[in-house]
Novice: 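This is the structure, below, for whatever I ask next.
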Amino acid sequence: MEDLSPGNASEDASASNPPPPPWARATLSDLTDFDFEAPVAESKSADSSTLSDLFSAAGGSIGSNGELADTPAARVFQMLSAAAGMIFRSKEPNEPFGALMVTADGRRTALPVDFCGPPAEVLAEMARRATHPVLRARLADICWVVDRKAQLAAIAAESYADIVAKVGAGELRFRGEDDRGVLTFDARDLLRRALLIGRAIGADKRGPAAARDIVSALRVKAFEQGLMVPSLWFSHLALDFGVGDAGEISSQIEALIAKLPEGSDPHTIVKLWRMAARGYRLAKRTDDQHRSQSSAADQLVAIAASQPMALLASQTLTEAIG
């Protein structure tokens, strides 16, 4: 997506009532008898940026005047490409989407604020009609960010959970997915967003509830496969959002550490012990918390002993003491 908006800067009086950015021109009438999902209907991608590329290609090439054709299809596809192409920031509860690009002169690509007002109504209509869960999640979530309608939030949360479930079933695939399948940071981020939405609309709603179940299942799957990093990811989610018994999660982390093969990354083991301590603290199991903290410190001492440089060893020992 190459179109850029001038941002908030203004150079003359006409900027007090600037025209909408090129990706916010579509209207509800443009959707009449129009299959806006056609470019992504066969896509098996669980990655929103891939859908953005498909919509951009469907929108046509830029003309000699430097602009896309002003047709209903071009306007809708440009809007969808911009919406799907924003950067996803799952840890930001109120600003989960960022501009893909910002230039030195202040121009930028799309942000949710660009879709306030009538454009949000267009996105909401497409969110309600969309069948591809990745597109449905992105459109509904943008509408929730700019308009705070609980119905769209529920659609977004349910769609995020649906994406992860479909990846687990092999129906969708994350970009660059390896042999871990659904046990990826992409799944973690989508589930985190669904759970954050659940804090606003209710954790018992269908989407957030489904996300909680998936977090539990993926955490157990990561433990069973002896995968340290995915175990950290999904245990963090479980503890952050109160999914499952914290003490039981910490006990499972200890069991994972006990069966790790020799040569496993010691720094990740430290993180596992610290997570176990956190879970025991939440469960008010003070003795187990202190034991886990001591185990993390012991691991750091062992790391320090293997450091080739005195400075690095000193820093590691300081971390252990702290």
Side-chain angles (χ1 to χ4, degrees), residues 1-7 14-15 17-43 45 47-88 96-101 107-156 158-160 162-163:
M1 183 178 58
E2 299 179 352
D3 293 306
L4 297 173
S5 167
S14 64
N17 188 26
W23 48 80
R25 298 179 302 163
T27 63
L28 286 172
S29 62
D30 290 338
L31 301 178
T32 303
D33 299 324
F34 180 59
D35 183 9
F36 61 86
E37 277 194 293
V40 302
E42 301 301 320
S43 175
S45 177
D47 187 85
S48 185
S49 65
T50 298
L51 270 57
S52 175
D53 293 341
L54 292 171
F55 283 123
S56 180
S61 58
I62 297 176
S64 58
N65 61 353
E67 298 181 357
L68 289 170
D70 191 18
T71 65
R75 290 192 294 268
V76 170
F77 289 150
Q78 191 173 25
M79 174 179 280
L80 290 171
S81 178
M86 286 186 282
I87 294 174
F88 183 48
F97 304 111
L100 180 64
M101 181 171 62
R107 294 183 300 159
R108 59 166 174 77
T109 53
L111 284 173
V113 67
D114 299 333
F115 300 102
C116 290
E121 298 175 8
V122 181
L123 292 182
E125 176 63 20
M126 290 191 285
R128 296 185 185 100
R129 289 167 48 181
T131 58
H132 197 298
V134 178
L135 180 62
R136 188 170 65 241
R138 176 56 62 96
L139 299 181
D141 203 355
I142 292 173
C143 291
W144 164 242
V145 169
V146 302
D147 205 14
R148 304 314 262 188
K149 289 184 178 179
Q151 180 199 25
L152 277 304
I155 291 174
E158 186 172 350
S159 299
Y160 284 130
D162 191 27
I163 294 168

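The figures here come from the full heavy-atom set of this structure, side chains too, leaving out hydrogens, waters and symmetry mates.
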Novice: Looking only at heavy atoms, what is the nearest atom pair of Pro20 and Ala24, with distance?
Specialist: CB-O, 4.1 Å
Novice: Over all heavy atoms of both residues, which pair between Ala156 and Ala137 is shortest? Give the atoms and the distance, please.
Specialist: CB-O, 4.0 Å
Novice: Donor-acceptor pair, distance only, cut-off 3.5 Å: does the side chain of Asp114 make one with the backbone of Leu111?
Specialist: yes
Novice: Are any side-chain N or O atoms of Ser48 and backbone N or O atoms of Ala84, one a donor and one an acceptor, separated by less than 3.5 Å?
Specialist: yes
Novice: With no hydrogens and no angle check, is any side-chain donor or acceptor of Thr109 less than 3.5 Å from a backbone partner on Leu100?
Specialist: yes
Novice: Using side chain to side chain contact (heavy atoms under 4.5 Å, CB included) as the criterion, point out the one residue from Val122, Thr71, Val76 that pairs with Asp30.
Specialist: Val76
Novice: With rounding to the nearest 0.5 angstrom, report the CG to CG distance, Leu152 to Leu139.
Specialist: 9.5 Å
Novice: Under a 3.5 Å distance rule, please check whether Ser81 uses its side chain to pair with a backbone N or O of Phe55 as donor and acceptor.
Specialist: no
Novice: Any side-chain heavy atom of Val40 within less than 4.5 Å of one from Thr50?
Specialist: no
Novice: Given side chains that start at C-beta, do those of Leu51 and Arg138 come closer than 4.5 Å, heavy atoms only?
Specialist: no
Novice: Looking just at side-chain N and O atoms, do Ser43 and Ser45 make a donor-acceptor pair shorter than 3.5 Å?
Specialist: no
Novice: Give me the one residue out of Asp141, Thr131, Asp162 that meets side-chain hydrogen bond (donor to acceptor under 3.5 Å, both in side chains) with Arg136.
Specialist: Asp162
Novice: Check whether any side-chain heavy atom of Lys149 sits under 4.5 Å from a side-chain heavy atom of Cys143, and report yes or no.
Specialist: no
Novice: Hey, what do you get for CD (Glu125) to CG (Leu31), rounding to the nearest 0.5 Å?
Specialist: 6.5 Å
Novice: Going from CZ on Phe97 to CZ on Phe115, what distance comes out if it is rounded to the nearest 0.5 angstrom?
Specialist: 10.5 Å
Novice: Are any side-chain N or O atoms of Glu121 and backbone N or O atoms of Leu28, one a donor and one an acceptor, separated by less than 3.5 Å?
Specialist: no
Novice: Between Arg25 and Asp70, is there a salt bridge with N-O shorter than 4.0 Å?
Specialist: yes
Novice: Under the side-chain hydrogen bond (donor to acceptor under 3.5 Å, both in side chains) test, which residues partner Ser49, sequence neighbours left out?
Specialist: Asp47, Arg175
Novice: State which residues pass side-chain hydrogen bond (donor to acceptor under 3.5 Å, both in side chains) with Gln151; sequence neighbours excluded, sorted by chain then number.
Specialist: Arg128
Novice: What do the steps show when you test Ile142 against Val145 for side-chain contact (heavy atoms from CB on, under 4.5 Å), and what is the final call?
Specialist: CA-CA 5 Å; Ile142 292 173; Val145 169; 5.6 Å; no
Novice: Classify the angle between the aromatic ring planes of Phe34 and Phe77 as parallel (below 30°), tilted (30 to 60°) or perpendicular (above 60°).
Specialist: tilted
